[in-house]
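What follows is a short report on a single structure.
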Protein chains: 4
Amino acid sequence: MVRREEVHDVPTKQVDAKAERALRRRAEILRAAVQLFQEDGYHSTTTHAVADRAGISVGLIYQYFGNKEDLLRAAIVDILGEFRDRIPVAMDEAGDDPEARLRSGFRTLVAVIDEKPEATVLSYRESMTLSREGRDELKKLEVETAEPFRRAIEDGIRSGAFRAVDADLVVHNLLLVAHGWALKHWRLSTWLDLDTYVQRELDLVLGAIRP
Amino acid sequence: MVRREEVHDVPTKQVDAKAERALRRRAEILRAAVQLFQEDGYHSTTTHAVADRAGISVGLIYQYFGNKEDLLRAAIVDILGEFRDRIPVAMDEAGDDPEARLRSGFRTLVAVIDEKPEATVLSYRESMTLSREGRDELKKLEVETAEPFRRAIEDGIRSGAFRAVDADLVVHNLLLVAHGWALKHWRLSTWLDLDTYVQRELDLVLGAIRP
Amino acid sequence: MVRREEVHDVPTKQVDAKAERALRRRAEILRAAVQLFQEDGYHSTTTHAVADRAGISVGLIYQYFGNKEDLLRAAIVDILGEFRDRIPVAMDEAGDDPEARLRSGFRTLVAVIDEKPEATVLSYRESMTLSREGRDELKKLEVETAEPFRRAIEDGIRSGAFRAVDADLVVHNLLLVAHGWALKHWRLSTWLDLDTYVQRELDLVLGAIRP
Amino acid sequence: MVRREEVHDVPTKQVDAKAERALRRRAEILRAAVQLFQEDGYHSTTTHAVADRAGISVGLIYQYFGNKEDLLRAAIVDILGEFRDRIPVAMDEAGDDPEARLRSGFRTLVAVIDEKPEATVLSYRESMTLSREGRDELKKLEVETAEPFRRAIEDGIRSGAFRAVDADLVVHNLLLVAHGWALKHWRLSTWLDLDTYVQRELDLVLGAIRP
DNA sequence: TATGAATGAGTATTCATTCAT
DNA sequence: TATGAATGAATACTCATTCAT
C-alpha cells in the first residue's frame, strides 16, 4: 500500500494544467475589467458587470483578486510591466547608436500604448484611486520605464550626439507625448495615424536635442 | 435690454447685493468641492463633505448646482475658462513676434496650472465621469485654449520664423507638457521650479521648430 | 438688522422638540431591533427587516446607530442599565433589613427580566458577537448590577442574619436563577408563574444562607 | 438481521476498518467545528475554516454532515449526550442515598462541562439557530439529563431526607448552576477552582433542601 | 434662503453549497 | 473517498437627492 501522502500525488502535468488554467482565468477577468473600466470608468463598473463580461460568477473574481481595487491595480501594473519589459529589448535590437535606441524605444512605447490604450488612460485616470502601496508600486514601475530612455540620452550627450539637455526632462516629455497618443486619441486620430505620430514626434524631440 | 435680475420689481441695489452674495456662495461651494475632489477624488467625496467644508448644509448645494456632477463640470470648466481668457491677453501683451507670443502664452498657461493644479488634474482624471454634454463643453474649451497657440505657430511658419511643422501637433505637445507640470508635479518638483520648467521646455519646443 | 448668527437662533422649545423626536426615533428603532433579534436571532435579522418593523428606511438606522452591532450593543446595554438603575431603588425602599433588601432586589430583577425577556436572552446569546469594547462595557454593567446584592449579603453576614457563606457565589447564583426565568421560560412557565418563581427561589436561596 | 454495512458484498473486516475511519473523520471534523464555533461564534465560522482546521477539504464536510447547521446540532448533541450517559452511571456508583447520588451526579455534570466548556456555551448561545427539529432534539436530551436528578430529589423527599420542595425547580437550579461554571467561567475562575465550586454549590443547594 | 432628517436605490463582498474530476 | 474551483443568493452599508419646516 502506498503511503497516505502519496495518495494525493498528482502527475506534474496535471498540476501545470491547473496552474495554467488559473492563469488564463485571471487574464480573462483582467481583460474584462480593463475593458469595462475604460468604457464606463472604474467607479461606474460593477463587479457583477466584470463577471458577466468575463463569463464567470462574481464570487470567482474574489478567488483571483483581493477586491475591486486590486483588479484596478493589476490592470495598471499589467501595462506598466509590459513597458518595462519590452522597451529595453527593442532598444537593444536597435544597436548602440543613442538616437537609434531612442527611436526604437519610443516607437515600441507608443506601439504598446496603441495596443492597450485603455490601460494607459486608466493609469492616468484612476491611479489616485489606489491605496498608498498601489501607487508606490506604480511609481516604481514608471521610474523603471523611464530609466532606459534616460540612459540613452545621457549616452548621447556624452558621445556628443545630443546637446547638454536636461535628460530627465526630455524623458518626461517623451513619456507624456507617448501617453498623449492614448489620452488625446479622439483628436489626434482625426489627422494622424500611429506611424506618422511616432515619426513626427521623434522629429520634434530629436530636432530639439541634436547639437 | 433689461438685465435679467431686474425683471422682478426690486431695487437694483438690493438685487445686486443679493446676486453678489449668491455668486460668493457659489464660489465658496465650488472651492470646497475642488479641494475635496483633489484630496480624495471625485467619487470618494460626498456632498455632505463638500457642505461641511463650505460651512453650509447639503441642501444648499442643490440651490446652486443641479447635482454632484454639475459641481464637477463647473470645477473643470472654471479652470479651462481661465485658460481661454488669460492666454490671449498674455499673448497680445507680448507683441507680434510669434516666438514671443508662444513664450508668453505658454508661460501663462503653466502659471495658471500652477495656481490650480488640482483643477487641471481633475480635468484629466474625471472628465470621463461627465455626461456627453459636459464632455463636449470641455472639448470646446480645450479647442478654444489651443487656438491662439495654433495661430501663433502658423504665423511663425508663414513668416519663416518656424519650420513647416505640424502646427496642431506642436500645440498638442505644448498643452501636454503644460499639463505635465500638474500631472507629474510630484516628480518634477524634485529638481525643477516653475520658471526653470517653463524655460527649459520652451527651449526644447522652440529648438525643435526653429529653422 | 440682527446679527447673522442670530438669524439661525431657534426657540429653545423647538430644539427640545427636535431632541425629543430624535430620542423617540432611536427608541423605536431599538425596540424593533430587539424584537427581531429575539424572534430570529441577531444574525438572521437583516437591517431591512429592522427598518420595516420600525416603519422607517434602512438609511435612517445609520443616523442613529453606527452599525448593526451597535444596535445589538445598545439593546443589551439598555436592559443591563435598567437592572443597575432599578435594583438599588427597590432595595432602598425595602429598608435596612438585609433579607428584606435581598428579597426586594431579586423580585425587581426578575420583574425587569420578565418585562424584557428578549433582551436578557440576547445578552446571553449574542454577547460574544460584540467587539472587545462592547463586551467590556457589558461586564462592567454586570458587575455594577451584582454589587448591591453583594453588599446586602455581606451586611447580613456581619449582622449575623446570614451564615458566613461565599457572598460572591450567592450573588452569582441569584443572577443565574433570575436570568433562568428568561432562559428557560418555555419550561418553567408550564408549572410556575412569575410570583411563585420568585417566592420559591427566594425560599431556596435564603434557606441556604440562614444560620 | 444483517447489519447495514454488510449489505454490499465486502468482507466485514474491511467494512469495519472503513466505518471506523469514517467515524474518526467525523469526530475530527466535529472537534474542529466545536473549537472554531467557540472561538469565533457559529456565524463567524466558515465551513472553509472548519475544513482547514480539520485538515481536509470543504467538500468532505458535506459527506459527513448534511450542512453547516447539522454540524452545530451534532456539536451540541454530542455534549448533551455525554451528560445523559455519564450522570446515571456516576449516581449509581454513589449508592442509594439520595444526597450522595445528587452530589455525585452534580460533580460529574460540572466535570463534563469543565472538560468541554465550549460545547456548553454553544448550547446556550446557538440553540435558537437550529431548526425546529434540532431544538426539539435538544430539549429532549435536556429533559433526559434532568431526569435522574429529579428522581433522586423525589426519593429524598419521600424518604424524609429532603424537605417537600419543588423538585423540578431544584433541578432547574442545579443545571443552571452547573452551566454557570462554563457561562461565567471568566469571573468565577478568579477566585474558585472546579472542586471548590462544586463543594460550595452543593452546600448551598443541599442546605436549602435539607429538613 | 437655508436646514438636515429622511429616503431607498445601488454595490462590493462573503460564504454555504455543489459537482466535475 | 476526496478535492477545490465555481456558483450566486444574500446583505450591510453608503450617499446623492428631496422636501417639510
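Protein chains get the first letters and strands the later ones, always in sequence-line order, with residue 1 at the start of each. None of the values given here were measured: they were computed from a predicted structure.
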* Is A:Tyr42 close to A:Lys68 at the side-chain level, that is, under 4.5 Å between some pair of heavy atoms? ->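 Result yes, sub-4.5 Å side-chain heavy-atom pair found.
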
Quick one: is [X] getting a side-chain N or O under 4.0 Å of the [N] phosphate, OP1 or OP2?
X	N	value
C:Thr47	F:dA12	yes
D:Ser57	F:dT3	yes
B:Arg26	E:dT1	no
D:Arg25	F:dA2	yes

When the distance from [atom1] of [X] to [atom2] of [N] is rounded to whole Å, what number comes out?
X	N	atom1	atom2	value
A:Leu36	E:dT11	CG	C1'	15 Å
B:His48	F:dT17	NE2	C1'	10 Å
A:Asp52	F:dA9	CG	P	12 Å
C:Lys18	F:dA20	NZ	P	16 Å
D:Tyr64	F:dA2	OH	C1'	9 Å
C:Arg24	E:dA5	CZ	P	15 Å
C:Leu60	F:dT17	CG	C1'	15 Å
D:Asp40	E:dC15	CG	C1'	15 Å

* To do: Can you tell me the pairing partner of F:dA10 across any strand shown, Watson-Crick or G-U wobble, with both distances under 3.5 angstrom?
  =>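 E:dT13 - that is the nucleotide pairing with F:dA10, both distances being under 3.5 Å.
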
* **Pair partner, F:dT21 [Watson-Crick or wobble, under 3.5 Å]** =>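 Across all strands, the one nucleotide that pairs with F:dT21 is E:dA2.
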
* **Evaluation steps, side chain to side chain contact (heavy atoms under 4.5 Å, CB included), between B:Glu20 and B:Leu23** => CA-CA 5 Å; B:Glu20 194 198 343; B:Leu23 277 177; 5.6 Å; no

* To do: Between C:Tyr42 and A:Arg21, name the one whose nearest nucleotide on DNA chain F is closer to the 5' end.
  =>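 Closest to the 5' end, via its nearest nucleotide, is A:Arg21.
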
* To do: Let me know, please, whether B:Gly59 or D:Gly55 comes out on the 5' side of the other along DNA chain F by nearest nucleotide.
  =>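 It is D:Gly55, whose closest nucleotide lies nearer the 5' terminus.
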
So what does [X] hit on the nucleic acid, given a heavy-atom distance under 4.0 Å: a base, only sugar-phosphate, or nothing?
X	answer
C:Phe65	nothing
B:Thr46	sugar-phosphate
A:Ile56	sugar-phosphate
D:Ser44	nothing

* Nearest-nucleotide comparison on DNA chain E, the residue closer to the 5′ end among B:Gln63 and A:Tyr62 ->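 Nearer the 5' end of the strand: B:Gln63.
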
* Hey, which sits more toward the 5' end of DNA chain E by its nearest nucleotide, A:Lys68 or D:Asn67? =>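 Its nearest nucleotide being more 5', the pick is A:Lys68.
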
* **Main-chain N/O of A:Ser131 paired to A:Glu69 side chain as donor or acceptor, under 3.5 Å** =>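 Checked: pair present.
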
* **C:Arg24, CZ: over 12 other non-hydrogen atoms inside 6.0 angstrom** =>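 Result for CZ/C:Arg24: enclosed.
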
* Asked: Do D:Arg25 and D:Glu28 meet the salt-bridge criterion of a basic N to acidic O distance under 4.0 Å?
  ->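 Answer for the salt bridge query: yes.
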
* Calculate, to the nearest 0.5 Å, the distance between atoms OH and CG belonging to D:Tyr64 and D:Leu71 respectively. =>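 Reported to 0.5 Å precision, the distance equals 13.5 Å.
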
